[in-house]
Amino acid sequence: VSASLQAPRGTFDVLPQDAAARRHVESTARRLLEGAGYERIETPAFEATELFARGVGESTDIVQKEMYTFQDGASRSLTLRPEGTAPVCRAYLEHGMHKLPQPVKLWYLSSFFRYERAQAGRYRQFWQVGVEAIGSADPAVDAEVIVLLHMLLAELEVRDVRLRLASLGTPASRAAYREELKAYLHTHAEQLSPEVRERIDLNPLRAFDADHPGTREVMAAAPRLLDHLDAEDLDHFAAVRAMLDAAGVAYEVDSALVRGLDYYTRTLFEFTSDALGAQSGVGGGGRYDGLIEQLGGAPTPGVGWAAGIERMLLAADARPHPAIPVDLFVARDGDGAAVAAFALAHRARGAQLNVQMELAGRSLKGQLKQADRARARYVAVVGEAGTVLKDMQIGEQEDVGTDADAVVARVLRGRGPGGL
Ligand code: ATP
Ligand code: MG
C-alpha cells in the first residue's frame with residue numbers, strides 16, 4: 001500500500017490473530033462488571049466539543065492539545081471522544097437517570113481518540129474499558145470500583161501491578177492549597193521547565209506530573225495536598241482505605257498523585273505496571289463530585305475509572321486463546337455436489353453447529369487438508385451418490401445417505417462423548 005493509503009499514524013488494525021486476546025479482555029470485563037451490577041453503555045464516537053471543554057477541563061493536556069476537533073456540514077464543532085467520563089455523565093443527564101435507584105452503575109468498552117505522540121502503548125485511536133458509578137458519595141463506591149479494576153487486572157494476569165492512591169479533597173480545601181502551591185512554584189520558578197512555569201497559575205498541580213529533572217527536584221519538597229484535607233475528606237479517605245485493606249488490596253498513598261481539575265474530588269487512583277516502559281499507566285480514575293453540576297445538572301456525586309486495553313495486553317503474558325471449535329467441514333466430491341454441499345452446511349448451521357465449507361474449488365485431497373487445518377471434528381464429503389461422514393478424531397468414516405437432516409443428526413449425536 002502506498003504510504004498515503006496506510007493506516008494513519010498512531011492507529012492500528014486489530015487483525016484476526018489479535019482478536020482472541022481482545023475478546024478475552026472483553027468477556028472477562030463483562031463477567032466481572034455485569035456480575036457486580038454494572039450495565040453496558042455505549043455513547044457516540046463524537047460529541048459537541050463543548051462537552052469535553054467543560055467536562056474534561058480547559059486546562060488539561062487533553063483539551064489543550066490532544067483533541068480531534070472538526071466542523072460538520074452545519075458548522076457545528078464536534079470532537080472525537082478523547083475519554084468516556086464526560087459522555088457517560090452527559091447521557092446520565094440527558095436520559096434523566098437520576099430517577100433510577102442510585103448509584104447508576106455503567107460500564108463501557110470503546111475506542112477513544114487523542115492526538116498524541118505515537119509510540120509503544122500510546123496511540124491516536126486506542127481502546128478503553130471503563131466504569132462510572134453515578135449518584136452516591138458513599139466511600140464504598142470508591143472502594144468497589146477500585147477493587148473491580150484490581151480484580152480485572154489480576155484476572156487478565158497483568159504483571160507487576162501497583163496501585164497508587166490519594167485524595168484531592170474538595171474544591172474548597174483545594175483552593176487554599178492551590179494558592180500555597182502557586183506561591184511555592186513562583187519562588188522556585190527558575191528551576192522549573194518552561195512548560196510548567198508558564199502554567200503555574202493555570203494548573204499548578206500539573207507540576208507533579210513533570211519528567212523534567214529540575215521540576216522534579218522542586219516538587220519533591222513542595223507542599224502536599226494530602227496535608228490540607230478537611231476532616232470530612234480525611235474520614236472519606238480513611239473509609240476507602242479501610243475497605244481496600246479489608247479486601248486485601250495493596251496500595252501506596254502517593255501525595256504527588258494529583259489532577260488539576262476543579263470537579264475532581266476526593267479519591268484519585270492509578271494502577272501502573274512495572275512491566276511497561278515509559279507508558280506505565282494501565283488504568284486510573286477517581287471521584288468527580290463536581291462534574292455533573294459542571295455539565296448543567298444538579299450536584300451529583302460520581303466515581304469511575306478507565307483502563308487501556310492495549311496497555312493491559314502489553315503488560316500481560318501473551319497466552320494462546322482457544323480457537324472457536326469447528327464441528328463440521330463440508331467437502332464436495334465433484335462440482336456436481338456443490339449445491340447439495342451448500343444446502344447441508346446451511347442446515348447444519350441452522351442446528352447451531354459451527355460449520356465451514358469448501359469455497360475455493362480445491363481437490364478433494366486439498367479440501368481434507370483444509371478441514372484438518374481448521375481442526376474440524378467431522379468432515380462430510382458430499383458426493384452425487386450420497387455423503388460420507390469422517391470422524392477426524394478417531395479416523396473412522398461412515399456412509400450417511402443423502403438426507404441432510406440425517407447427517408446433521410449424526411454429527412449432533414457424535415459431537416457428544418464417544419464419537420460416531
Ligand atoms: P498517560 O499518563 O499515559 O498519558 P492518561 O492519564 O492520559 O495516561 P487516562 O486519561 O487516565 O490516561 O486514561 C486511562 C488509561 O487509558 C491509561 O491508563 C492508559 O492505559 C490508557 N491510555 C490513555 N491514553 C492512551 C493512548 N494514547 N494510547 C493507549 N492507551 C492510552
Ligand atoms: Mg495522557
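Read the numbers this way: they start at 1 and go in the same order the structure lists the ligands and their atoms. We use all heavy atoms of the structure for the numbers below, so side chains are in, but hydrogens, waters and symmetry mates are not.
When non-hydrogen atoms are compared, ligand 1 lies under 4.0 Å from the backbone of Arg122 as well as from its side chain.
Contact annotation: Gln128 has at least one heavy atom less than 4.0 Å from an atom of ligand 1. Residue Glu83 places no heavy atom under 4.0 Å from ligand 1.
Remark: ligand 1 atoms within the under-4.0 Å shell around heavy atoms of Gly308 are 15 (C), 16 (O), 20 (O), 21 (C). Of all atoms in ligand 1, numbered sequentially from 1 with element shown, those under 4.0 Å from a heavy atom of Val282 are 18 (O), 20 (O). Taking every non-hydrogen atom of Tyr123 and a distance limit under 4.0 Å, the qualifying atoms of ligand 1 come out as 26 (C), 27 (N), 28 (N), 29 (C). Atoms of ligand 1 lying under 4.0 Å from at least one heavy atom of Gly121, given by number and element, are 28 (N), 29 (C), 30 (N). For ligand 1, the atoms lying closer than 4.0 Å to a non-hydrogen atom of Glu116 are 24 (N), 25 (C), 26 (C), 27 (N). Which parts of ligand 1 touch Gly283 is read off a 4.0 Å heavy-atom cut-off, strictly below it: atoms 18 (O).
Every N/O-N/O distance between Ala306 and ligand 1 stays at or above 3.5 Å. Ligand 1 has no N or O atom lying under 3.5 Å from any N or O atom of Phe126, backbone or side chain. Looking at Glu310 next to ligand 1, no N or O pair under 3.5 Å apart turns up. Note: no N/O pair closer than 3.5 Å links Gln279 and ligand 1 by distance alone. On a distance-only criterion, Ala307 and ligand 1 share no N/O pair closer than 3.5 Å. Remark: ligand 1 and Arg114 share an N or O pair separated by less than 3.5 Å (distance only, no angle test).
A cation-pi arrangement, defined by a distance under 6.0 Å to the six-membered ring centre and an angle within 45 degrees of its axis, is present between Arg241 and Phe237.
Exactly one residue among Tyr92, Trp305, Tyr288 makes a side chain to side chain donor-acceptor pair (under 3.5 Å) with Glu132. That residue is Tyr288.
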Run Glu179 and Tyr184 through side-chain hydrogen bond (donor to acceptor under 3.5 Å, both in side chains) and show every step you take. CA-CA 9 Å; Glu179 292 313 310; Tyr184 173 83; over 6 Å; no

Should His188 and Glu217 be marked as a side-chain hydrogen bond (donor to acceptor under 3.5 Å, both in side chains) after you check the CA-CA gap, both sets of side-chain angles, and the distance that decides it? CA-CA 10 Å; His188 295 83; Glu217 210 173 296; over 6 Å; no

For Asp274 and Arg159, run salt bridge (charged side-chain N to carboxylate O under 4.0 Å, His left out): C-alpha distance rounded to whole Å, both residues' side-chain angles, the deciding distance at 0.1 Å, then the answer. CA-CA 7 Å; Asp274 294 337; Arg159 286 169 291 155; over 6 Å; no

I would like to know whether Glu47 and Thr79 meet side-chain hydrogen bond (donor to acceptor under 3.5 Å, both in side chains); could you show each step before the answer? CA-CA 6 Å; Glu47 299 266 1; Thr79 293; over 6 Å; no

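Between His346 and Phe342, a ring centre-to-centre spacing not shorter than 6.0 Å is recorded. Side-chain rings of Tyr68 and Tyr115 approach one another, their centers coming within less than 6.0 Å.
Taking the six-membered ring for Trp and thresholds of 30 and 60 degrees, Phe12 and Tyr123 have ring planes more than 60 degrees apart, a perpendicular arrangement.
For the side chain to side chain donor-acceptor pair (under 3.5 Å) test, no residue two or more places apart in sequence or in another chain qualifies with Arg23.
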